[in-house]
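Chain naming here is simple, since letters A, B, ... match the order of the sequence lines and numbering starts at 1 in each. Excluded from the calculations below are hydrogen atoms, water molecules and symmetry mates; all remaining heavy atoms, backbone and side chain alike, are included.
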Amino acid sequence: MSDRWVSGRQASGRRVSGRAALRRVGPARAAGAAAAVLLCAFPFYLDAFWLQVGLFSMAAAIGAIGLNLLSGTSGQLSLGHAFFLAVGAYGYVWLAGEPGPGLPPAVAMVLAVCLSGLAGGLFSPIAGRVRGVYLGVATLALVFLGQHVMVNAEGVTGGFNGRSVPPLEIGGFTFAETDPALVVLGVPFGAEERLWYLGLVLLAAVWFSARNLLRGRPGRALSALRDSEVAAAAMGVPVARYRSAAFVVSSMYAGLAGVLIALAFRGIVPDYFGLALSIDYLAMIVIGGLGSVGGATAGAVFVTALPLVMGRYADQLPLVAAPGATGHAIGPTEAARYLYGAAIILVLLYVPGGLGGLFRRRVRPPTPPVRQPKEQTP
Amino acid sequence: MSTAFDILLNGVALGSVYALVALGFVIIFKASGVMNFAHGSLLLLGGYLTAVLHERLGFYAALALAVLATALVAGAVDLILLRRLDPHATHVLTILTIGVDIALMTDLTRRIGGDLLSLGDPWGGSVSTFGGSTVPHTRIASIVVSLLVIGAVFAAFRFTAWGLSLRAAAEDREAAALMGIRLHRIRTLAWCLAGALAALAAVFLVAFPAPGLERTTGEIALKAFPAAILGGMTSPPGALLGSLLIGVTEALVAGYEAELSALGGGFGDVAPYAVMLLVLLARPNGLLGEKEAIRV
Amino acid sequence: MNRIGRPAAAVAALAALALLGSGCSSKSEDASAGTGSDGVKTGRGVTEKTVQLSALTDLTGPYATLGKSIVQAQKLWADEFNKAGGVCGREVRIEVKDHGYDVQKAVSAYAEVSPDTLAMPQVIGSPMVAALLDEVEGDKILTFPQAWSADLLGKDAVQVLGTTYDLDMIRAVDFLTREQGVKKGDTIGHVYFDGDYGANALEGTRHAAQKAGLKVVPKKIKATDTDLSAQVTALRGEKVDAILISAGPTQTASLVGVAAAQGLQVPVVTSAPGYAPQLMDTPAAPALEKTLHVVSAIPELGSDLDGVRKMVKAYQKRFPGELVDSGVLSGYNAAVLLGQDLEAACEAKDLTREGLIKAHRDRAAGDAGLGAPQDFTDASQPASLSAYIHRPDKAALGGTVLVEDARKAPGAQEYLDSAGE
């Protein structure tokens, strides 16, 4: 029995060689540029609800890219991602806020990300010892212990009611509603509009850094680790160091996602950073298809935005009762949740490579599929 | 008798209920390598069916029917959904169970609404007193049933052809397939069994001292999750041991809360996780989990 | 590859798009304050014909029962209110958003409704209220949260109705010492939920116990605990003379049932969220009728107050077969009070968000005809210090009957003054 939670065969995303990646760069780049322009234009059209959905999705994407590095590429199952998000979010709020040292928010943001990385590093002795599904559950313990601390350490976290989040300021520019209001091209720029661009910049930075990491030497080392630690060690990969490095880097991404979530929420509470959030992140990377940055992003959007959007429009569906109707009628939330559950099942059944694979196939010029040898567990 | 003994007894009783849930996790994990996130909704399904059927059929018939129906639903999840996918892609299967859980749970909570349903079990609120300690009959029943069921499952693993095949498959899927073992059938059977156990566990989870079945009952299944891991996901006696350990820790910490207040109030609920971290540090494969041989 | 050209092109395209966009983007329209044709100042959430209210509720999570009761009660109110002519010739509308006890959904639902909302007669769920507190205050949307923690006081736009949890417990201790034979030197146990509900309640208990010379044994539990055997055993070991519980109905039922089974016969008191009429269908019902009392800021549903009787009749006619519980009354109460605020704001010819808050804060004796009048003038103080004591009764409407009429707990004022220092 293999207690490994994913074997190499399933995570095909990063199996593309550097050369192959270069070949499909042309059309992908054009599509990417078009997407970037479109994304930049959204705040001029969309209302606060959509911008917030977008912000949540971008934060989730950053977190998912981090988790993908850890669980998708290096094969270390983590159910503790919510904990590292919380470290980032609370780290920022405490460092930039009152009570707390009250540092400039930009500095607090950087330090919060480092703090998450440190938390990941501190956990790595356990991560180095425990494997597979047991690692998943050891990280699960982190979530529960973390929530316990968040509720009890009132001086730092504000206890059960959480704390309000100080707005980010970089070089005199505030990412929040200001008075007088900032108006760009006739459109008033409130907190959501400004944060949207921050989210875009951060996501882009994370996207490219993670892609470089995956395509370079560390990425190959990590996937070697996942496929066989013994083999990787024999080939000269320092196993323990890479395992813990993956933990640190993934936690830093999670910390950044936490900061962005905090900025988007403007008030954070421990209740949010629970097991459900961790499982959501796991769902994101699997639904997106393990091992690729694009997959993680697509999965993050699917898991984050779909329930929110469906919840908003479910009352338009036929046979759906008004919220709070008498009896046991199907209300909009129920309808949205049925659809969401079904969507997860359908994507996993009919898009085996994950959403990321769907996207890749469309961009890649048709080449005969590489037949992978049906090797046994090494 | 002393309070300490009372508390211990509470812990063992609570642990025996967790054990029934944890055993379901273990069986599915052993057979398919999947962490079944839909276990909570299966549990709720079993409890709900018992609750709506018991007035017409009587408790035992209703329970039997609920156990059967939940087993069939669990089997169907495997047969209709999981079987379509690569059995090696355990991570995909695991996430698929989340989708199943969302759909099933939504429907059950919609039906239950705000009701607090009684399962009509024959024990009611009756208790027995042993030297000053009171024990509810539901808890005695749950301890007896857990022991019997876990014994039976353990025996089935050991002595039946199905159990042998399952262990062989868990050991090495390809080799087992080469030996002519029908992996699919074994796995579906394991799901059925886990579903049946979940329905059974529901009875003891919502019977006295708990007031009845409500929409959040399924969440309690999550408490059995660390129990299953603690004992080693692959071992039924381990699940029992882990569950007892967690039940007793919870009861102890709740009983001696004042003495432990330095750790923050309500530490009882996280104590099992702290215990688990310590156990995993010492024994990375759980208490009774099999040591993984590293093959090259 | 053209490394310089791409970003430049992108920027150019973006600029073009944005310029184009600003022309046809609906966002550039300024839909804010003005004065209607009838001379009434209006702002966001108010048009010539309608006044938009929103409710962030839980219809699919743990508080679904409460959420449904409140939604229906407020629907009933809105219909009555509009039938009677609405406010300033405008109809009220309530947009109901279900967050299912999920913080992220609540935040996103708020972002959706807040631009066009004048007030919120309902927000359920402590974590959701806590996460939105600053937003609501900043947007000046008058909000009545269905949570009664003292932590929510001190915000101009947020109005906790009735008593807070800590005052309820002070009232409970007062009741225990006067009527249930608890005396100086006794010990009381307090089983409470992790979170602001429990923490705030415990604060009240500690204060009252200290004044009365009682010892408090706190036991913290979580919402997923449904078997309180361990807690009861421990409390029995401490030889408690009474138990307070600040948790959900499930926990109250387990606590009372286990205590009865273990032969621990002491009075138990909870506050309104710790009891539901559904409990009377469980095996714990006889024990509940025998030992439990409920502190409540609103009267029982069988009350002979005119307002309550009329409301119950109308509700049963409008929603036949639906359970009538205290959530119905509390939701209706909130809506009626908001309706009075709207009328006051209309009279002052200022239906803006600021105008509504001002009208609300000017009322020293808000009386919906559904229990004790409330004082809204000081945002940092609870609106009321008086609470009723009820007792479970299977046969009664709403599952409770009156034991003691609304009264101020002695020491409540002193407690508030000491907290203010």
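Note on A:Leu277, A:Ile261, A:Ile268, A:Leu308: by heavy-atom pairs under 4.5 Å with chain C, the leading option is A:Leu308. By number of non-hydrogen pairs under 4.5 angstrom with chain A, the leading residue of C:Gly195, C:Ala109, C:Gly321, C:Ala55 is C:Gly195. Counting heavy-atom pairs closer than 4.5 Å to chain A, the top-ranked of the candidates C:Leu152, C:Val103, C:Asp196 is C:Asp196. Between chain A and the options C:Lys105, C:Gln104, C:Glu135, the largest number of non-hydrogen pairs under 4.5 Å is found for C:Gln104.
Checking C:Ser69 against C:Asp325 by side-chain atom types alone, a donor-acceptor pair falls below 3.5 Å. Between the side chains of C:His190 and C:Ser246, at least one donor-acceptor pair of N or O atoms lies under 3.5 Å.
When side chains are defined from C-beta on, C:Ile141 counts as touching C:Ser114, because their heavy atoms get closer than 4.5 Å.
In this structure, chain A has a heavy atom under 4.5 Å from the side chain of C:Asp134, while its backbone stays farther away. For A:Arg312, the parts sitting under 4.5 Å from any heavy atom of chain C are the backbone and the side chain alike.
In this structure, C:Tyr197 and C:Tyr165 have tilted ring planes: the angle between them lies in the 30° to 60° band.
For the side chain to side chain contact (heavy atoms under 4.5 Å, CB included) criterion with C:Asp58, the lone passing option out of C:Asp102, C:Ile124, C:Thr65 is C:Ile124.
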